[in-house]
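Just so it is clear, the structure is predicted and the values come from calculations on it, not from any experiment.
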Amino acid sequence: MEMRTLGASGIAASAIGLGCNNFGGRVGLDDARRVIHSALDRGITFFDTADVYGERGGSEEILGKVLGPRRRDVVIATKFGMAMGDGLEGASSRYVTRALDASLKRLGTDYIDLYQIHYPDPATPIEETLSALDALVRQGKVRAIGCSNFAIFQLVDASRTSNSLGLARFVSCENEYSLLNREAEQ
């Protein structure tokens with residue numbers, strides 16, 4: 001399997017990753033176990049999930065259970081910020097920390113390799129979000145940060161903010177892109 005580095009993070013991951021968005025919803029534990037083990041057998045080391053996948057954390061729980069001691073052999077990317085219900089959503093400093101602690105517990109790990117904001121939060125200044133993420137990197141709970149579904153102007157703003165304040169920078173941008181959805185090319 002070809003390996004690639006996530007931006008300037010130094011984190012090496014397989015060029016092909018496994019999206020885990022159906023685990024805990026359409027795909028139960030036993031089937032997920034087969035899929036994850038098959039991926040590992042083929043050299044896939046990058047696993048992408050989010051706190052909302054699998055009906056409020058089911059995907060993270062399954063991934064954590066199945067990986068167990070193999071967790072140290074893989075790169076886990078998870079996302080935060082989408083509505084989890086009960087007002088749990090967004091990218092405020094308080095919520096970022098709360099969401100991370102919940103993801104760590106569900107995944108059964110003490111760190112996340114790549115922690116990504118799922119969607120921009122118009123109610124929270126990017127400085128606040130990036131400061132919270134930077135604190136998590138400095139604490140060793142997160143190795144690198146990224147974003148998902150950001151427009152180019154939002155990426156530029158985040159990059160300028162990180163540079164001007166000396167904060168951790170996004171090393172990845174995960175936007176939907178396929179033969180059916182080519183909006184990212186815009």
Side-chain angles (χ1 to χ4, degrees), residues 6 9 11 13-14 16-40 44-124 128-130 132-137 139-150 168 170-176:
L6 291 173
S9 70
I11 299 171
S14 57
I16 297 172
L18 179 65
C20 302
N21 61 321
N22 287 310
F23 297 167
R26 294 182 198 131
V27 178
L29 177 61
D30 292 336
D31 289 333
R33 179 177 283 114
R34 284 190 287 278
V35 170
I36 292 167
H37 285 183
S38 180
L40 290 167
I44 293 174
T45 62
F46 185 80
F47 294 84
D48 177 69
T49 189
D51 58 4
V52 296
Y53 295 167
E55 302 173 20
R56 293 184 59 161
S59 175
E60 289 179 331
E61 288 177 8
I62 285 175
L63 190 58
K65 284 178 189 174
V66 173
L67 288 174
R70 303 260 338 245
R71 189 277 173 260
R72 302 275 184 223
D73 302 332
V74 303
V75 173
I76 294 177
T78 194
K79 294 176 281 297
F80 70 92
M82 288 184 67
M84 293 281 285
D86 302 326
L88 301 175
E89 65 184 290
S92 69
S93 177
R94 181 173 178 234
Y95 185 69
V96 170
T97 303
R98 188 173 172 188
L100 176 77
D101 289 340
S103 287
L104 291 172
K105 183 176 180 179
R106 286 188 296 267
L107 285 160
T109 187
D110 56 354
Y111 69 96
I112 301 295
D113 298 292
L114 178 61
Y115 199 45
Q116 303 168 103
I117 179 172
H118 214 143
Y119 279 92
D121 178 3
T124 304
E128 180 178 342
T129 303
L130 289 169
L133 291 169
D134 182 75
L136 297 174
V137 170
Q139 293 167 22
K141 292 181 176 183
V142 171
R143 294 177 64 198
I145 62 170
C147 64
S148 183
N149 302 301
F150 272 48
F170 292 149
V171 301
S172 67
C173 182
E174 179 188 321
N175 286 12
E176 183 178 354

So do [Y] and [X] actually touch side chain to side chain, heavy atoms under 4.5 Å?
| X | Y | answer |
| --- | --- | --- |
| Ile11 | Leu114 | no |
| Asp73 | Leu67 | no |
| Ile62 | Val27 | no |
| Ile112 | Arg143 | no |

Does Lys141 form a side chain to side chain contact (heavy atoms under 4.5 Å, CB included) with Asp101? I'd like the steps, not just the answer.
CA-CA 9 Å; Lys141 292 181 176 183; Asp101 289 340; 3.4 Å; yes
Spacing of [X] atom [atom1] and [Y] atom [atom2] [to the nearest 0.5 Å]:
| X | Y | atom1 | atom2 | result |
| --- | --- | --- | --- | --- |
| Asp113 | Leu6 | CG | CG | 8.5 Å |
| Cys20 | Phe47 | SG | CZ | 6.5 Å |
| Leu133 | Leu100 | CG | CG | 9.0 Å |
| Leu107 | Glu61 | CG | CD | 9.0 Å |
| Arg33 | Phe23 | CZ | CZ | 11.0 Å |
| Tyr95 | Ser92 | OH | OG | 9.0 Å |

Could you tell me whether Glu174 and Lys79 have a side-chain N and a carboxylate O separated by less than 4.0 Å?
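Salt bridge present between Glu174 and Lys79.
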Ion pair Arg98/Asp51, N-O distance below 4.0 Å:
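No salt bridge links Arg98 with Asp51.
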Would you check if the side chain of [X] reaches a backbone N or O of [Y] as a donor-acceptor pair within less than 3.5 Å?
| X | Y | result |
| --- | --- | --- |
| Ser14 | Gly17 | no |
| Thr45 | Ala13 | no |
| Asp48 | Gly19 | no |
| Asp121 | Gly90 | no |

If you take all heavy atoms of [X] and [Y], which pair is closest and at what distance?
| X | Y | value |
| --- | --- | --- |
| Ser59 | Thr49 | OG-OG1, 2.7 Å |
| Leu18 | Ala39 | CD2-CB, 4.2 Å |
| Pro120 | Ile117 | CA-CD1, 4.4 Å |
| Ala77 | Gln116 | CB-NE2, 3.7 Å |
| Ala168 | Val137 | CB-CG2, 4.2 Å |
| Leu104 | Asp110 | CD2-C, 3.7 Å |

Return yes when atom CD1 of Ile16 has more than 12 non-hydrogen atoms of other residues, nucleotides or ligands closer than 6.0 Å, and no otherwise.
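Counting neighbours around CD1 of Ile16, 12 or fewer heavy atoms of other residues, nucleotides or ligands fall under 6.0 Å, so no.
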Run the numbers on Val142 and Ile145 for side chain to side chain contact (heavy atoms under 4.5 Å, CB included), then give the verdict.
CA-CA 7 Å; Val142 171; Ile145 62 170; 4.0 Å; yes
Give the C-alpha distance, both sets of side-chain angles, the deciding distance and a yes or no for side chain to side chain contact (heavy atoms under 4.5 Å, CB included) between Leu40 and His37.
CA-CA 5 Å; Leu40 290 167; His37 285 183; 4.3 Å; yes
How would you list all residue pairs meeting ring-ring contact (aromatic ring centres under 6.0 Å, His included) that involve residues 99-123, not counting sequence neighbours?
Tyr53-His118, Phe80-Tyr115
Partners of Arg94 by side-chain hydrogen bond (donor to acceptor under 3.5 Å, both in side chains), sequence neighbours excluded?
none
Could you tell me which residues satisfy side-chain hydrogen bond (donor to acceptor under 3.5 Å, both in side chains) with Asp31, sequence neighbours excluded, listed by chain and number?
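Checked Asp31 against side-chain hydrogen bond (donor to acceptor under 3.5 Å, both in side chains); matches are Arg34.
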Donor-acceptor pair between Glu60 and Thr78 side chains, under 3.5 angstrom
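Side chains of Glu60 and Thr78: pair found under 3.5 Å.
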With no hydrogens and no angle check, do the side chains of Thr129 and Thr124 hold a donor and an acceptor under 3.5 Å apart?
no
Can you list the steps and then say if Glu128 with Ser93 is a side chain to side chain contact (heavy atoms under 4.5 Å, CB included)?
CA-CA 6 Å; Glu128 180 178 342; Ser93 177; 3.6 Å; yes
